[in-house]
Structures are given as structure tokens and as C-alpha cells.
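Shown next, in C-alpha cells, is the structure this report addresses.
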Amino acid sequence: MNNPAPAISPPAGIGDHKPANQAVLDWVHEVEQLTQPENIFWCDGSERENDFLIAESLKQNVLIRLNEKKAPRSYLHRSNPNDVARVEQFTFICTPTKAEAGPTNNWSEPAETYSKLQGLLKGAMRGRTMFVVPYIMGPPDSPLTKIGFEITDSKYVVLSMRIMTRMGEIAVKRLGHDPKAEWNRGVHSLLDVNPERRFICHFPQDNAIISVGSGYGGNVLLSKKCLALRIGSYLARKQGWLAEHMLILGVESPVGKKHYVAAAFPSACGKTNFAMLIPPKHFAGWKVTTVGDDIAWMQIRDGRLWAVNPENGYFGVVPGTSCKSNPNAMKSIERDTLYTNVALTDDSDVWWEGKDGAPPKHAFDWRGNDWTPDSKEKAAHPNSRFATPMRNNPVLDPHVEDGNGVPISAIIFGGRRSDTMPLVFQAFDWEHGTYIGATMASETTAAATGAVGQVRRDPMAMLPFCGYNIGDYFRHWLETGKRLTKPPLIFHVNWFRKSADGKFLWPGFGDNMRVLGWIIDRCEGRVGANESAIGHISRLQDLDLGELRGVTPNQMRELLNVNAEEWQKEISDHAKFFESLGSVVPKELDKQRENLAARFKS
Ligand code: OXD
Ligand code: MN
């Protein structure tokens, strides 16, 4: 086998930052015995260490240096073409019983799974360096913040973890000496990057993760989907908080009144774009700021929900990112960015479909093959990614490091739906909102392997990320609502509704401010709404459409329309979905569906 991760030998003072905590040392020793690496590299997250790892990665072709003028301190990584997205079919929740993992997760028995993985990991790091990456998730002074250690044989993982988490010394210090302190144990090995030996396994009761056979971010940056969402959601239920697949944004009016909003959209449905939105000119004086673009951890205080972003960077979908769709993302990825699977131009810049300007006459596609605009293949992989520090974001919210988090006024659910779902509507109350989230659906995207464009139910955008029984997760939402005296209002949006001739009806991007404006008006009790069977729908006159070009009044009516026929089908799909989950769905949600159906009849 070709070794995808040859060992490196650091000079003195680099890679020798061993923590003092005996529990960590024992665990690392155990993994060392099993995987038999050539050496161990203890990461401290320093600049010097990072420079060294970049230099080694360039030598080993793990990274390609980009044009220093056009993309300063930025690099391109090409993954194995068999390894470009999350693999939901190989992702497992390994709880003692299958019932704990529930109907939406792949389950496997913990002891058997440990033993299978140990078999795969035996000697897997021979000839490689084993990196030990300490990190924290969450602002340093948040009570929700978690410590993790990831062992990996991938330099790309180490470099990405330094962008995506608060990595190194900060975590070692926080852990201290207490061998009983709580921290997440993550083991990752590329093995031979073979889809037949690719498993992403979570052991929530042990706060442990083992991921093998992949180098793709969502499968291997164990801090993110694995810890912050799957294990995070499991811990959140036990400890009485929420770990959600949500962006968090701040929206400030011209008179300085600020609200925070959290929004759950499935993968690659525009969370990063929404979190960095620039309001159209008509909304002069309004400002949107980003707290997070993918994950929200929320706890109850004073009867309200307060949210923190556990991450330190953005791991966003590149294709389609442009000065039109997301100028702030374009500024964020101008420098210090680790690109994966985009195209490389002849002057060592990066390119992707949907980037501003004309396509290059020649480039190397994401696999490294010659590419021209006449090529049939895409230049950048549809799930190509950037990893960039959140500090690069020009509209980073000033409270992003605040351990108390930010108070959430509204929660928004949304998906990619060509039909049925109006542009925006509001739930009657928390329980109805939970139902709307639980029955959410979206057309699938390239973020996970499998068919693209098929409508699937994706409750709260957590289908691939809920680390326990989805019925208990719904129950946890209902219980959380009962503990909130000032619950956020809950909304559903759909930027993707199409006309009969298949064209998007709504321009999206910055114009989504118009919908956000209505949501804020509702939070402030400033506007009424049309009462419909599905919830409060915006009246046309309450949506600020000033200077909106290209959307006719008829299109607006279509966008806000609740089509009874489409909803009959929708409601019967909800019923089928709940049936497919078996007996786990709380009766309150069945009742919600009955009420919804009844409202259409009355
Ligand atoms: C992501 C995803 O990478 O949801 O954020 O797949
Ligand atoms: Mn995501």
C-alpha cells in the first residue's frame, strides 16, 4: 500500500508539548501500542508548529502552495477522489442498545465495534507520525465549553483543526492535571483511504469517537459533526441544553436595536450565506453580524435561550460563493484559507464554478487533470470546501467570544423545496414550531455521498447529526419549550420555491433580509399576519419589498401561497415519515399533525 501519510521528524521544540494529565498520557500510550506509529507529535497550536507542518505538507504534496499575492498564506489540498463528502451510510452511533440510537441512526454494538475498529487500527500508523491535537469547543469562558483530544495520522487534519477549533495549549491548560476531568477521546486514521474500510463511529456513553478510512473534513475533523453535534446532542439532552445544526446571526436596526436569530438549514443550503448576509441598499442602516455559520449550542438562562458558536472557523461549501452570493465569505477566504478540491489556475490561484469573473481558459480540476471551459467535468468538486478562521470575517459579531452567549429571539427552520413551502411562515407556538422542525424536509445536496436533489425529511436539519433516538430528541425539544418563559418565536423559510416553469421565484442572498426584517417585526410585535392552516403567514404589505427588482406581484403571491393540494400530500408525507420512525414520536407531535389536517378542513 502507498502510505498516504509518511512520518515527519520535527526539530527540538516542535511536537514535544506533552500534557501532564495522566489520563491523556495513558490513552495516547494505548493508541500508540495499537497503531504503532513511527513517532508521536504533541501539538501546541503555535505559529511555529503550524509553519513547520505546512512546510512538511508541501514537501509531501499534501498541500499545494497558492499564489502568495492572490491568496496569501492559503493552500490547496486534493483529497482522494473516493473521499469527498460525509458518508452517512458508514456513520454509526454505538450505544449499548439499538433503541438508544433510534430509528434514524445506523447502530452497532459498542464492544463488537471497538473490536472491529481495533483490528483495523492495529499497526495502521506504521511509518507515520501520530499527532495528538488538544482543542476546546466553545468560547473559553462558557459553561458549555468542551475539551477534546484528537489523535490523527493526517497533517491536513491537524492544520484544519487549528483553523476550526481553539487548538493547542489552551485546551491542555484547561484540562489541567485532574485525571477524572471530562474530555472527548477522538481517534482518526486514514488507514488506506478505502471506502470499504471507512467507518465513523461514536460511543456517546464513553464520550469517544473513532473515525477510519477517510480524510474528508466532515468525517475527520472530529470536533465538528462528531463532537459538537452527535456527541454534543447526546450530552445536551442529559445536561438540559441544546446542540443544534444552526447558524447564529445578529441583526441590528438603524436605531441600534439588536436581535439574535438561530437558523437550521440542512447541509449546503446556504447557512453560511445567511449568516454573513449584506442587507440590500434599501435597508440602509441595518447590519447583520455572524456568531456562527453551522453549529449552535444553546442553554436556558432567565427563561430565554442563549447561544454560543462552539467553533473557531468556517468549513464552507465553495462552489457558488461569489461577491454576489456572499461578499463577506469572499473577504474571509481571501487569505489564511485551506481549500479542498477546488480548481487550480495556471497562476496558482483557486477557481470554482460560480466564482466572479470569466472562467480561466485553462486550469487543473479538483483531481489535478487539465480543465478548460469546454470540459464536461466540473473544475471544482460540488462539495469542495474552504476552511478559514472566523477572525477573517468582516462582520464577525462582537459577542462571539462571550461565554454567556447571545439571547435568541427567533429560530428559523428551512430547506430546499421547489414547491409547497411558502417563503416564510411562523409557528403558532413552541410545540407547533417543534412539529415544523420535526417534519422539515429538503432536497439532498453534495455534502453527503448519495443522490442529489431528492426530497428527504431532515428534522431540524439534524437527521445526520442527532446522536441518539430522534423520538427522545423531539421530546427534549418539547421539554425545553416548557422550561422557557420567553421562548424564541419559531419560523420556517424557503428561499428555493420554483415557478411552474422551473425558475426560482425568490432572488435570495441579500434580499433574504426582507424576510429577516419581517421576522424581526414579528419579534417586536410590530406587524400582524394572515392566519393560515400552516401558521402565521406574512401579509404582502408587511414584507418590505422596496427596490426589489425582478419579482412581480404574481410571483410574490405564488411565493406566499399555501396550496391545499400540495399540503394534503405534505401532511400525508409527514404521517408516513412519523410511521417510518415507529413508536418513538411523542404523541404531542401526532396531535399537531391531526390539528394541521383539521385546520385545512375547517
Ligand atoms: C457541513 C455539513 O459540512 O453539514 O457543515 O455537511
Ligand atoms: Mn453543517
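Basis for what follows: all heavy atoms, side chains included, without hydrogens, waters or symmetry-related copies. Order of listing sets the numbers, starting from 1, for every ligand and every atom in it. Residue numbers run from 1 in the order of the sequence given.
With hydrogens and angles ignored, the 3.5 Å screen pairs no side-chain donor or acceptor of N105 with any backbone N or O of I93. Remark: the backbone N or O of E88 is paired with a side-chain donor or acceptor of N106 at under 3.5 angstrom.
Of all protein atoms, those of element N, O or S that lie under 2.8 Å from the Mn ion (ligand 2) number 3.
The shortest N/O to N/O separation between Y216 and ligand 1 does not fall below 3.5 Å. No N or O atom of K224 sits closer than 3.5 Å to an N or O atom of ligand 1. Among the atoms of K271, none of the N or O lies under 3.5 angstrom from an N or O of ligand 1.
Close approach of ligand 1 to H245 (heavy-atom distance below 4.0 Å) involves ligand atoms 4 (O). Each of the following atoms of ligand 1 lies closer than 4.0 Å to a heavy atom of D294: 5 (O). Short contacts between ligand 1 and R86, defined as distances under 4.0 Å to a heavy atom of the residue, involve ligand atoms 2 (C), 6 (O). Near S267, meaning under 4.0 Å from one of its heavy atoms, ligand 1 places the atoms 2 (C), 4 (O), 6 (O). Taking every heavy atom of F465 and a limit of under 4.0 angstrom, the matching atoms of ligand 1 come to 4 (O). For ligand 1, the atoms sitting less than 4.0 Å from at least one non-hydrogen atom of A447 are 6 (O), numbered in the order shown with element in parentheses.
With a 4.0 Å cut-off on non-hydrogen atoms, Y314 does not touch ligand 1 at all.
Ion pair D294/K224 flagged as a salt bridge, since at least one NZ, NE, NH1 or NH2 atom sits closer than 4.0 Å to an Asp/Glu carboxylate oxygen. Ionic pairing of R497 and E443 is not present here: no N-O contact between side-chain nitrogen and carboxylate oxygen is shorter than 4.0 angstrom. Using a cutoff of 4.0 Å between basic side-chain nitrogens and carboxylate oxygens, R185 and D206 are not scored as salt-bridged.
Taking the centre and axis of the six-membered ring of F265, the NZ or CZ atom of K271 falls outside the cone set by 45° and 6.0 Å. Annotation: cation-pi pair K116/F92 present, NZ/CZ under 6.0 Å from the ring centroid and within 45° of its normal.
In this structure, atom 5 (O) of ligand 1 lies nearest to the protein heavy atom K225 NZ, 3.0 Å. The protein atom (non-hydrogen) at minimum distance from atom 3 (O) of ligand 1 is R385 NH1, 2.8 Å.
Side-chain contact check for D153 and S189: at least one donor-acceptor pair (N or O, by modelled atom type) lies under 3.5 Å.
Just one residue in the list L516, I412, N512 forms a side chain to side chain contact (heavy atoms under 4.5 Å, CB included) with V493, and that residue is I412. Exactly one residue among F386, W366, Y156, Y339 makes a ring-ring contact (aromatic ring centres under 6.0 Å, His included) with H77. That residue is Y156.
Residues W430 and W477 bring their aromatic ring centres within 6.0 Å.
A 6.0 Å sphere centred on NZ of K258 holds more than 12 heavy atoms belonging to other residues, nucleotides or ligands.
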